[in-house]
Asker: 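For reference, the structure I am asking about is given below.
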Amino acid sequence: MKLRAEELGLLARGAAVLGTGGGGDPHIGKLLAERAVREHGPVEIVAVGDLPDDACVLPVAMMGAPTVMVEKLPSADQISVAVQTLAKYVGKTPTHIACIEAGGVNSTVPVIAAAQLGLPLVDGDGMGRAFPELQMVLPTLAGIEATPMSIVDEKGNRGVFDTVTNEWAERLARSATVDMGCSAIVSLYAMTGAEIRGAFVAGTLSKCVALGRAIERAQSQHSDPVAAVVDELGGRLLHVGKVVDVQRRTTTGFARGDATVDGLDASHGEVMVLRFQNEHLVAELAGTAVATTPDLIIVLDTESGEPITTEALRYGHRVSVLAAPADERWHSPAGIELVGPRYFGYDLDPIRALETV
């Protein structure tokens, strides 16, 4: 399977859905990836199950606050340099590139690296969604170390961290990212093909393209694009309304805040509050949580079905809020400890997307 420039819009749109509000601006990532693919040619996509056991797979991603990424664009060379820096440090020749998270720009950053380096891209990712901290991946649950990891900024500064835990990798890399202007490119979680098969969500890129195509098809047929996304994800509609308030701040390298959505149509008279840290983490209806991390909380434009990131949420947006199930591994005790509501400071047990409220 080849990923061509004309499919990158579908990929970016679907990744923004799975990104649950985070992962950076998908439009920026799409433009950068289109340029790379047109310059270097289509990118080969390889299924997780087809990876050789001894493959050397290097994921690459942008790290930082999505609000900053809107104005501070990475250079294309910065992305391939991050991969080359890690490869040099570990003394291995990469055979494949991978996405560490399916979200916004981080679904297309690996496309750029794969195109520039002439390497195939793995059809999968380490989350099945997006999370704000770099230890919050399924490879962590599988006992795979985040480091050595490289970090590169747009000025040409490069570094490599080799830490005692994945949590320390997040802590040190976050500090460096803040000093680098709150966004940087990282390459981390170097894995073999055998490790990828046990630690990745398979088929994520294909799912992103399918989501993007479902929205596009519904738009062209004048059917309901929100319903199309619900069907594609096996999720449910939580709320329909208008954004009446957004409190957003960029602190310690994250976009944090909450958004208030007054109900419309079937949700008339109900108020939903969305709480986010890059990604949407808790959805509250009339003061009661109705969906939480680790399941997906997704905000779409009600009319067009286009996903709306947390940094793009504005007063007056007519939105539909969905919940969809995460990969089941996230609901293990270790998964809940890593990405459950209490990790983020909410005194809540996880509420699953398909539970009856």
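Values in this document were obtained by computation on a predicted structure and should not be read as measured data.
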Asker: Does E6 pair with R38 as a salt bridge, N-O distance under 4.0 Å?
Answerer: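 Salt bridge: no.
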Asker: Side chains of I336 and H331: closer than 4.5 Å at any heavy-atom pair?
Answerer: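 They are in contact (side-chain heavy atoms under 4.5 Å apart), so the answer is yes.
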Asker: Can any side-chain N or O of D153 pair as donor or acceptor with the backbone N or O of G156 at less than 3.5 Å?
Answerer: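 Yes, because the side chain of D153 sits within donor-acceptor range (under 3.5 Å) of the backbone of G156.
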Asker: How far does NE2 of H239 sit from OG1 of T302, to the nearest 0.5 angstrom?
Answerer: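 H239 atom NE2 to T302 atom OG1 measures 9.5 Å (nearest 0.5 Å).
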Asker: How close do V37 and A5 get, counting heavy atoms only, and between which atoms?
Answerer: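 The answer is CG1-N, 3.7 Å.
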Asker: I'd like to know if E101 pairs up with R129 as an ion pair, taking the criterion as any Lys NZ or Arg NE/NH1/NH2 lying under 4.0 Å from an Asp or Glu carboxylate oxygen.
Answerer: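 The answer is no: the pair does not qualify as a salt bridge.
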Asker: Side chains of E279 and T20 only: does a donor on one sit below 3.5 Å from an acceptor on the other?
Answerer: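 T20 and E279 do not have a side-chain donor-acceptor pair below 3.5 Å.
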Asker: Quiz question: by atom type and distance under 3.5 Å, do the side chains of E306 and Q219 form a donor-acceptor pair?
Answerer: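 The answer is yes; a qualifying pair exists.
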Asker: Got a sec: does the CD of E44 have more than 12 other heavy atoms crowding it under 6.0 Å?
Answerer: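 Above 12, so yes.
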Asker: Mind checking whether L211 and L18 have side chains closer than 4.5 Å, heavy atoms only?
Answerer: yes
Asker: Hydrophobic clusters here meaning ILVMFWY residues chained together by side-chain heavy-atom distances under 4.5 Å, can you tell me if V246 and V299 are in one?
Answerer: yes
Asker: Any heavy-atom pair between the side chains of D258 and Q247 that's under 4.5 Å?
Answerer: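 Yes, at least one pair of side-chain atoms sits under 4.5 Å.
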Asker: According to a 4.5 Å side-chain heavy-atom criterion applied to Ile, Leu, Val, Met, Phe, Trp and Tyr, with indirect links allowed, do M180 and V152 form part of one hydrophobic cluster?
Answerer: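 Unlinked, M180 and V152 end up in two clusters.
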Asker: Without swapping roles, check the side chain of S320 against the backbone of L300 for a donor-acceptor pair under 3.5 Å.
Answerer: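 Judged by distance alone, no pair lies under 3.5 Å.
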Asker: Of all the heavy-atom pairs spanning A82 and I185, show the shortest one and how long it is.
Answerer: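 Minimum heavy-atom separation between A82 and I185: CB-CG2, 3.6 Å.
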Asker: Kindly indicate, with the supporting measurements, whether the criterion side chain to side chain contact (heavy atoms under 4.5 Å, CB included) is fulfilled by T108 and L11.
Answerer: CA-CA 8 Å; T108 49; L11 173 68; 4.3 Å; yes
Asker: To the nearest 0.5 Å, what is the distance between CG (L138) and OG (S332)?
Answerer: 8.5 Å
Asker: How long is the span from the CG atom in L58 to the CD1 atom in I97, to the nearest 0.5 Å?
Answerer: 5.5 Å
Asker: Taking V319 as the starting point, is it possible to reach L285 by hopping between hydrophobic residues whose side chains are less than 4.5 Å apart?
Answerer: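 Yes, because L285 and V319 connect within a single hydrophobic cluster, where side-chain heavy atoms sit under 4.5 Å apart.
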Asker: Is there any ring-ring contact (aromatic ring centres under 6.0 Å, His included) pair reaching into residues 136-180, and which pairs are they, with sequence neighbours excluded?
Answerer: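 Sorted pair list comes back empty.
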Asker: Under the side chain to side chain contact (heavy atoms under 4.5 Å, CB included) criterion, do T260 and M272 qualify, and how do the steps go?
Answerer: CA-CA 6 Å; T260 303; M272 174 166 279; over 6 Å; no
Asker: One pair to check against side chain to side chain donor-acceptor pair (under 3.5 Å): E311 and T309. What are the steps and the verdict?
Answerer: CA-CA 5 Å; E311 73 269 16; T309 59; 3.2 Å; yes
Asker: Treating S107 as the side-chain partner and A15 as the backbone partner, does any N or O pair qualify as donor plus acceptor under 3.5 Å?
Answerer: no
Asker: Around atom CZ of R171, are there more than 12 heavy atoms of other residues, nucleotides or ligands at under 6.0 Å?
Answerer: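 Counting neighbours around CZ of R171, 12 or fewer heavy atoms of other residues, nucleotides or ligands fall under 6.0 Å, so no.
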Asker: Should L119 and T95 count as side-chain neighbours, where that means a heavy-atom distance under 4.5 Å?
Answerer: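 Contact flag for L119/T95 side chains = no.
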Asker: Could you tell me whether a side-chain N or O of E7 sits under 3.5 Å from a main-chain N or O of R4, the two making a donor and an acceptor?
Answerer: yes
Asker: So do L205 and I45 actually touch side chain to side chain, heavy atoms under 4.5 Å?
Answerer: yes
Asker: Say you draw a straight line from NE2 of H96 to CD1 of I196; how long is it, rounded to the nearest 0.5 Å?
Answerer: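 Output value for this atom pair is 9.5 Å.
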Asker: Could you check whether any side-chain heavy atom of T192 comes within less than 4.5 Å of a side-chain heavy atom of V57, counting everything from C-beta outward?
Answerer: no
Asker: When you look at NE2 of H27, are more than 12 heavy atoms from neighbouring residues, nucleotides or ligands closer to it than 6.0 Å?
Answerer: no
Asker: Can any side-chain N or O of S187 pair as donor or acceptor with the backbone N or O of P59 at less than 3.5 Å?
Answerer: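 Checking the backbone N and O of P59 against the side chain of S187, a donor-acceptor pair under 3.5 Å is found.
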Asker: Where do D301 and R318 land on the salt bridge (Lys or Arg N to Asp or Glu O under 4.0 Å) test, with the steps shown first?
Answerer: CA-CA 6 Å; D301 181 280; R318 262 63 172 181; over 6 Å; no
Asker: Are Y89 and V60 connected in the hydrophobic side-chain network, where two residues link if heavy atoms are under 4.5 Å apart?
Answerer: yes
Asker: Would you say V240 ends up clustered with V243 if hydrophobic residues are merged whenever their side chains have heavy atoms under 4.5 Å apart, either directly or through other cluster members?
Answerer: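 In one cluster with V243: V240, no.
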Asker: Would you find a donor on one side and an acceptor on the other, under 3.5 Å apart, between the side chain of W330 and the backbone of T293?
Answerer: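 No, the answer is negative, given that no donor and acceptor are paired below the 3.5 Å cut-off.
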Asker: Rounded to the nearest 0.5 Å, how far apart are CZ of F131 and CG of N278?
Answerer: 12.0 Å
Asker: Between V46 and V122, is any pair of side-chain heavy atoms under 4.5 Å apart?
Answerer: no
Asker: How close do L338 and Q135 get, heavy atom to heavy atom, and via which atoms?
Answerer: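 Here L338 and Q135 meet closest at CD2-O, 3.5 Å.
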Asker: If every non-hydrogen atom of L274 is compared with every non-hydrogen atom of A283, which pair is closest and at what distance?
Answerer: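 That would be CD2-CB, 3.8 Å.
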Asker: Which heavy atom of A33 sits nearest to which heavy atom of V111, and what is that distance?
Answerer: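 Nearest heavy atoms, A33 then V111: CB-CG1, 4.1 Å.
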Asker: Donor-acceptor pair, N166 side chain versus A146 backbone, under 3.5 Å?
Answerer: yes
Asker: Any salt bridge between E232 and K207, counting N to O under 4.0 Å?
Answerer: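 Salt bridge present between E232 and K207.
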Asker: Taking R248 for the side chain and L313 for the main chain, is one N or O donor matched with an acceptor at less than 3.5 Å?
Answerer: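 A pair under 3.5 Å: yes.
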Asker: Would you indicate whether the side-chain heavy atoms of I298 and V321 approach each other to under 4.5 Å?
Answerer: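 Counting from C-beta outward, V321 and I298 never come under 4.5 Å.
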Asker: Could you check K242 against V261 for side chain to side chain contact (heavy atoms under 4.5 Å, CB included), going step by step and ending with a plain yes or no?
Answerer: CA-CA 5 Å; K242 182 180 84 168; V261 184; 5.7 Å; no
Asker: Taking all non-hydrogen atoms of both residues, which atom of P307 and which atom of I215 are closest, and how far apart?
Answerer: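 Where P307 meets I215 most closely, the heavy atoms are CD-CD1, 4.4 Å.
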Asker: The test is side chain to side chain contact (heavy atoms under 4.5 Å, CB included); show your working for M149 and T163 and say whether it passes.
Answerer: CA-CA 9 Å; M149 68 170 284; T163 60; over 6 Å; no
Asker: Just wondering, are more than 12 heavy atoms of other shown residues or ligands nearer than 6.0 Å to CZ in R275?
Answerer: yes
Asker: Could you tell me which residues satisfy ring-ring contact (aromatic ring centres under 6.0 Å, His included) with F276, sequence neighbours excluded, listed by chain and number?
Answerer: H280
Asker: With distance as the sole test, does H317 use its side chain to make a donor-acceptor pair with the main-chain N or O of R314 at under 3.5 Å?
Answerer: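 Confirmed, H317 side chain pairs with R314 backbone.
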Asker: Dump the intermediate steps for side chain to side chain donor-acceptor pair (under 3.5 Å) on Y189 and T140, then the final yes or no.
Answerer: CA-CA 9 Å; Y189 287 102; T140 294; 3.0 Å; yes
Asker: Output the distance between atom CG (L141) and atom CG (D327), rounded to the nearest 0.5 Å.
Answerer: 9.5 Å
